[in-house]
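Report on the following structure.
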Amino acid sequence: MVSFACLLTVHDLMNKDIIEEFQGSALDIPKSTGGTKKLYLESYGCQMNFSDSEIVASILSKDGFDTTQDPKEADVVLLNTCSIRENAEIRVRNKLKQFNKVKKDKPELVVGVLGCMAERLKIQLLDEEKLVDIVAGPDAYRDLPNLIEEVNDGRKAVNVLLSREETYEDISPVRLDSNGISAFISIMRGCDNMCSFCVVPFTRGRERSRSPESIIKEVESLVSSSYKEVTLLGQNVDSYRWNMTKKGEIIDPNKPSLDFADLMEMVALVSPEIRVRFSTSHPKDLTKKVAVTMAKHENICNYIHLPVQSGNTELLSKMNRNYSREWYLDRISMIKETIPDVGLSTDMISGFCSETEEQHKESMSLMEDVKFHFAYMFKYSERPKTLAERKYEDDVPEKVKAKRLQEIIALQSTHSLYQNTKMLGKKYKVLIEGTSKRSKEELYGRTTQNVVVIFGKEKYKKGDYVITEIESCTAGTLRGKALGYA
Ligand code: 5AD
Ligand code: SF4
């Protein structure tokens, strides 16, 4: 039996129906590959980690492992971890301690930590804390069969080498927690931006793009397996480039060169039946060409997640974001002009180093200006070795951070309600993703703007495109009725 345990990021925590969908038995369980050994794989953090876990499962299935949902029957337990905020690490540490207890009764159990925490803490997890047998960073997954063998031979095993080339492009992911409709495709890895609060450039290394051929092959294979939606994933998808320098100069004139907009267009042209989404964009890199390409193709969804982090220019500069409040608002205007019915979301951090009450109010006023459909909001969490940790004092008291976060969340809730209310009585094409957890008689799907709609099942099923009319809403949920196939 193959299965997958997952925890959700704050990004996923916006819609309760979706959470329940993921937490329940909605996990499609791929057939056994006939492996003799059992792997229990748990993922934390961003979508990139979930996507990486599918690569890990693929690599280990070739080594005779089937994944299991039951950690008790596992020979190997791997946690794919996140370091983005301290809380994320605390949760993983607690989980590792639990597995350590299991190991007392089952000493042959191999426990490994993958992903960002592995890269950040390296041998500390092996030597000082003695919590694990394997530590493997995000670019070391091809080495996992060897690392497991080393442990079985009685040694501890570590590989935290970061690569400038690894994109796992030749590895066909095992779709672990898939609903059979939406899949994530990693198009690039790493991040060169060095936002001062962010640990990612240290844990995931330098930016590198995957070849367009391998991406298109993966899309085609998903289309032939009846998938209906692909999300192109990268820490900063706008930096995708192929056969091109950062400045846009072509490297080999005899080969095709592509930027992100070109790639997205190629993906959209694979099939008009498949929806295309992407995550995440950086305001300094998101081009008009990307917006124009989105507007040109009906099957590229009209939704952009554009993290702003703060509404104050001075703080944005301290965050090393390389744009001002005005630049951000100008990008939003450009997007709204080019794609009039666009759905927008953002990330916001409260209580970054030296943030004053006035600066916090500027974040709120930016939110008022844009009125995002949703937002992912965080208290600043100082991360070791980041630029901010080295240069600035984490001087906003915890209580103030919490109060400001609450204010931001409350404001966002009024904006979500405002945006949802605007949709009342209107008709939207929705791709059905599954059955609502609250009622077997209800389905849920998303509009092109990434808004979830719940409606009566009638004759419809997962994977259908239907037109729904919105009948009622709260800040978190939209309910409607299906009017017919789209
Ligand atoms: N503290 C709080 N939030 C953070 N993020 C990244 N690093 C930190 C940190 N140290 C948030 C940013 C980013 C999102 C993925 O996580 O908003 O866009
Ligand atoms: Fe971190 Fe900034 Fe890169 Fe996003 S763009 S991963 S916030 S460094």
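Nothing fancy with the numbering, it's 1 onward along the sequence. These numbers come from the heavy atoms of this one structure, side chains and all, not from hydrogens, waters or symmetry mates. Counting starts at 1 for both ligands and their atoms, following the listed order.
- For ligand 1, the polar-atom distance check against Glu382 finds no nitrogen or oxygen pair separated by under 3.5 Å.
- The shortest N/O to N/O separation between Cys198 and ligand 1 does not fall below 3.5 Å.
- In summary, the atoms of ligand 2 found under 4.0 Å from a heavy atom of Gln235, numbered by their order in the structure, are 6 (S).
- Residue contacts with ligand 1: Ser381 is placed with a nitrogen or oxygen under 3.5 Å of a nitrogen or oxygen of the ligand (distance criterion only).
- Inclusion of Tyr380 in the set of residues having an N or O under 3.5 Å from an N or O of ligand 1 is not warranted.
- Near Asp347, the atoms of ligand 1 lying under 4.0 angstrom from a non-hydrogen atom of the residue are 13 (C), 14 (C), 15 (C), 17 (O), 18 (O).
- Relative ring orientation between Tyr141 and Tyr168 is described as parallel, the plane-to-plane angle staying below 30° on a 0-90° scale split at 30° and 60°.
- Electrostatic pairing of Arg210 and Glu218 counts as a salt bridge here, judged by a charged N lying under 4.0 Å from a carboxylate O.
- Contacts between Met348 and ligand 1 below 4.0 angstrom, taking non-hydrogen atoms only, are absent altogether.
- When non-hydrogen atoms are compared, ligand 1 lies under 4.0 Å from the side chain of Phe378 (C-beta onward) but not from its backbone.
- A salt bridge (charged side-chain N to carboxylate O under 4.0 Å, His left out) with Glu166 is found for one member of Arg204, Arg206, Arg208, Arg142 and no other, namely Arg142.
- The pair Arg446-Glu433 counts as a salt bridge, with a side-chain nitrogen and a carboxylate oxygen less than 4.0 angstrom apart.
- Contact annotation: for Ile84 versus ligand 1, heavy atoms closer than 4.0 Å belong to both the backbone and the side chain.
- Distances below 4.0 Å separate heavy atoms of Gln309 from the following atoms of ligand 1: 12 (C), 13 (C), 17 (O), 18 (O).
- Residue contact annotation: Cys195 places no N/O/S atom under 2.8 Å from atom 3 (Fe) of ligand 2.
- Contact record, Pro138 with Gly115: CD-O, 3.8 Å, taken as the closest heavy-atom pair.
- Under the 4.0 angstrom criterion for non-hydrogen atoms, Arg321 is in contact with ligand 2.
- Using a 4.0 Å cut-off between heavy atoms, Pro201 contacts ligand 2 through its side chain alone, with no backbone atom that close.
- When heavy-atom distances to ligand 1 are checked against a 4.0 Å cut-off, Lys379 comes that close only through its backbone atoms N, CA, C and O.
- The distance between the ring centers of Phe278 and Phe260 falls below 6.0 angstrom.
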Problem set entry | Test ring pair (Phe, Tyr, Trp, His ring centres under 6.0 Å) applied to Phe374 and His305, step by step | CA-CA 9 Å; Phe374 5 84; His305 179 64; 8.6 Å; no

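- Residue contacts with ligand 2: Asn193 is included, with a non-hydrogen atom under 4.0 Å away.
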